[in-house]
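Data first, discussion second: the structure below is written as structure tokens.
Numbering of ligands and ligand atoms starts at 1, following listing order.
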Amino acid sequence: MPDNAPSANESIKHDSNFLRGTLKEGLADASTGAISADDQQLLKFHGAYQQDDRDLRSERRKQGLEKAYSFMIRIRVPGGVATPAQWLEVDRLATGLANDTIKLTTRQAFQFHGVIKSNLKSTIARINQVAMDTIAACGDVNRNVMCNPNPHLSSIHAEVLALAQEISDHLTPQTRAYHEIWLDGEKIETSEEEVEPIYGKTYLPRKFKIAIAVPPSNDVDVFANDLAFIAIVEDGKLVGFNVAVGGGMGMSQGNDKTYPRLADVIGFCPVARAVELAEKVVLLQRDHGDRSNRKHARLKYTIQDHGLEWFKTELDRYLGYRLEPARTVEFSDNGDRYGWIEDERGRFHLNLFVQGGRVLDTPAYPLLTGLREIAKVHDGDFRLTANQNLIIANVSAAKRPEIERLLEQYKITDSHRQSALRLNSLACVALPTCGLALAEAERHLPDLLTELEEVIEAHGLRHDAITIRMTGCPNGCARPFLAEIGFVGRAPGRYNVYLGGGFAGQRLSKLYRQSVRAEGLRPLLEPLIAQYARERHEGERFGDFCIRAGHVAATVQGPDFHLNLKPEALAAR
Ligand code: SRM
Ligand code: SF4
């Protein structure tokens, strides 16, 4: 096959009749819990993935049984805001049709795991009945648009949330397939050919991600996105956005042509032009992205291959005007702000810590039930954060005592009174549902944190925030390359360790050690943490310290992620 021949996914999309494929027929086939390989690719655009329980694989193989197939469903929640009624339906679906857990993702979305094929359609239909949907939550399209959930500046937040929703609506695929397949929508017989005005028949070369940050908080990790908007607030008013392009985390093990990359700031655009700008960046990537190699098909590679100057000139051409120069702005951190806060309108917001974003009941910590009871009386909304946490938001002064009583009753009060290390941790799903996981993440990080808490306590660092993230493979779903300490699964029980990410998500980390056994992680980090406690400068962050102390080199952009450049070498470039 010539190098530039379109990948198999391109013909699947092209021949799918706007994402219909044979999904209807596949869902109706009761002889298997699975659907065909091509339909699995199309199903992603509808917001679901076929998976199997990897804990059960070998046992079922021995018994000659089909894999334990089920589906993961992702609900798109632009800006992460859900009403109490929506929360209650998500809870009912999780407990009735999924695996009794709600997963809050690193992109402010809900996920269900373990939905069997015969329940897939009714689950998606019920999600739609409460005014949420799953279309474009996955697939080669624009995904859930994130925005800063922090209600400190409530009027600015309301504006950026509205924009996140507007961009999301504008870039939602127009195909009627979603309604026909999941919502029993009428099949419209017409002689007019169906069109996808923005995407066309083959949609995008790959997934596309957009986020909006409101400085000084970078809690959406804006630089990990294909397109990033950074709010510029002057005299208390939102005037526009710095625009950054070409961010992404994913890389493939052993393939140095793939790498994480930070988005580059390319200019400023006024609020009124943001939706149009989002569309033009999508179109540019649609027209120029690599459609032959899916490992090289994100916008970051388009920019890296053609150069940033080429991209800016092309974008000006698509826009018909030139972006203004970027404004000066600084981020302080990429974490959440826990506990109760009161906003400028006298509404209250409680940011809870949710370990691994997994809302479930244990005897000691009945979080799922507690949140259900809160949703029944709550007069505000819920906000999902990009750090897999939850804000019980917009609580009125009159309601707050009742919510506090329920938090007490269900033992949720102390959720955010953990070590600062744990409060700044993230772990991707990984095993047993993720088909790409090479090692544990969500199921291992809590125990590793307990071990590391002994170390940080011993060195007086319990209240010092250090960002720490674990993923089961280098795809980077919990953005480990933007953490001060990142563990990236390499094989069962083994991790690559990355250090030196910026505390505000503004700098990539570097590889420190390869293939460390899980039990070797604490002994590896202990001396570094001790040295940090002894030698850090006033206010110095752990990631910055790791570079100053020479443990890892500072990073530069793109492909250089894989070079271990020392600071002197960097300065000389
Ligand atoms: Fe992800 C694939 C889970 C955020 C980069 N991601 C997957 C799949 C669907 C595995 C698969 O393709 O079969 C995982 C499903 C696991 C499961 O059982 O649920 C999965 N990704 C997740 C979530 C649930 C992690 C979490 O624990 O919260 C996040 C869902 C976000 C959402 O609501 O949409 C999630 N994934 C991310 C992020 C973070 C972000 O967007 O800020 C990234 C890095 C940013 C980026 O896109 O570069 C990310 N996921 C990937 C990649 C690598 C993409 C690449 O360009 O190389 C893959 C693999 C792929 O697409 O081939 C992937
Ligand atoms: Fe799965 Fe890898 Fe993403 Fe973790 S980082 S959820 S293991 S694809």
Side-chain angles (χ1 to χ4, degrees), residues 9 40-41 43-44 47-54 70-78 80 98-99 101 103-114 134 136-140 142-146 205-211 219-226 228 246-253 255 258-263 289 294-301 334 354 356-358 384-389 426-445 469-482 486-490 505:
N9 286 58
Q40 284 176 42
Q41 295 304 321
L43 184 64
K44 296 181 188 180
Y49 279 72
Q50 181 177 303
Q51 302 184 320
D52 72 287
D53 187 332
R54 295 180 59 185
S70 67
F71 293 82
M72 176 271 270
I73 302 179
R74 190 177 286 162
I75 306 181
R76 211 165 49 129
V77 194
N99 69 349
T101 74
K103 167 79 185 183
L104 311 180
T105 76
T106 53
R107 287 196 75 78
Q108 299 182 294
F110 292 113
Q111 271 186 199
F112 298 123
H113 290 102
T134 63
C138 324
D140 297 345
N142 175 54
R143 305 288 191 88
N144 198 37
V145 179
M146 292 210 279
R206 207 58 165 87
K207 57 178 77 166
F208 190 91
K209 296 182 173 179
I210 303 178
D219 53 6
V220 290
D221 262 333
V222 81
F223 297 111
N225 288 266
D226 296 270
M249 291 282 102
M251 62 173 183
S252 304
Q253 193 158 288
N255 178 352
T258 63
Y259 41 81
R261 186 180 190 281
L262 290 181
R294 288 180 67 76
K295 290 196 186 303
H296 186 256
R298 294 288 294 271
L299 179 63
K300 61 182 175 182
Y301 300 116
N334 60 357
V354 182
R358 189 67 69 168
L384 282 52
T385 81
N387 287 306
Q388 299 176 320
N389 292 317
L426 281 182
C428 75
V429 180
L431 293 162
T433 53
C434 178
L436 305 177
L438 305 170
E440 297 281 354
E442 188 189 319
R443 295 196 295 195
H444 182 61
L445 187 62
R469 298 173 175 181
M470 176 177 274
T471 57
C473 83
N475 281 316
C477 297
R479 301 183 288 268
F481 311 114
L482 285 173
F487 306 110
V488 175
R490 188 183 156 88

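What you find for Phe487 and Pro480 is that their closest heavy atoms are O-CB, 4.5 Å. Here the shortest heavy-atom pairing between Ile75 and Thr134 reads CA-CG2, 4.2 Å. Closest approach of Ala224 to Arg479, counting heavy atoms only: CB-CD, 3.8 Å. Residue Ala441 comes nearest to Cys428 through the heavy atom pair CB-O, 3.5 Å, listed as atom of the first residue, atom of the second, then distance. Minimum heavy-atom separation, Leu438 to Arg490: CD1-O, 3.7 Å.
Here 1 is the count of protein N, O or S atoms positioned under 2.8 Å from atom 1 (Fe) of ligand 2, waters not counted.
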* Given the rule in the salt bridge (Lys or Arg N to Asp or Glu O under 4.0 Å) test, do Asp221 and Arg469 qualify, once you have shown the distances and angles that lead to the verdict? -> CA-CA 13 Å; Asp221 262 333; Arg469 298 173 175 181; 2.8 Å; yes
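Looking only at side-chain heavy atoms (C-beta outward), Asn225 and Ile210 stay at 4.5 Å or farther from each other.
Listed by number with element, the atoms of ligand 2 under 4.0 Å from a non-hydrogen atom of Gly476 are 5 (S).
A distance limit of 4.0 angstrom between heavy atoms and ligand 1 selects the residues Tyr49, Gln51, Met72, Arg74, Lys103, Thr105, Thr106, Arg107, Ala109, Gln111, His113, Arg206, Lys207, Lys209, Gly248, Met249, Gly250, Arg298, Gln388, Ala427, Cys428, Val429, Thr433, Cys434, Leu436, Asn475, Gly476, Cys477, Arg479.
Side-chain atoms of Gln388 come within 3.5 Å of backbone atoms of Ala427 as a donor-acceptor pair (strictly under, hydrogens ignored).
Under 4.0 Å is where a charged nitrogen must lie from a carboxylate oxygen, and between Arg294 and Asp140 at least one such pair does.
Using cut-offs of 30° and 60° for the angle between ring planes, the His296 and Tyr301 rings count as parallel.
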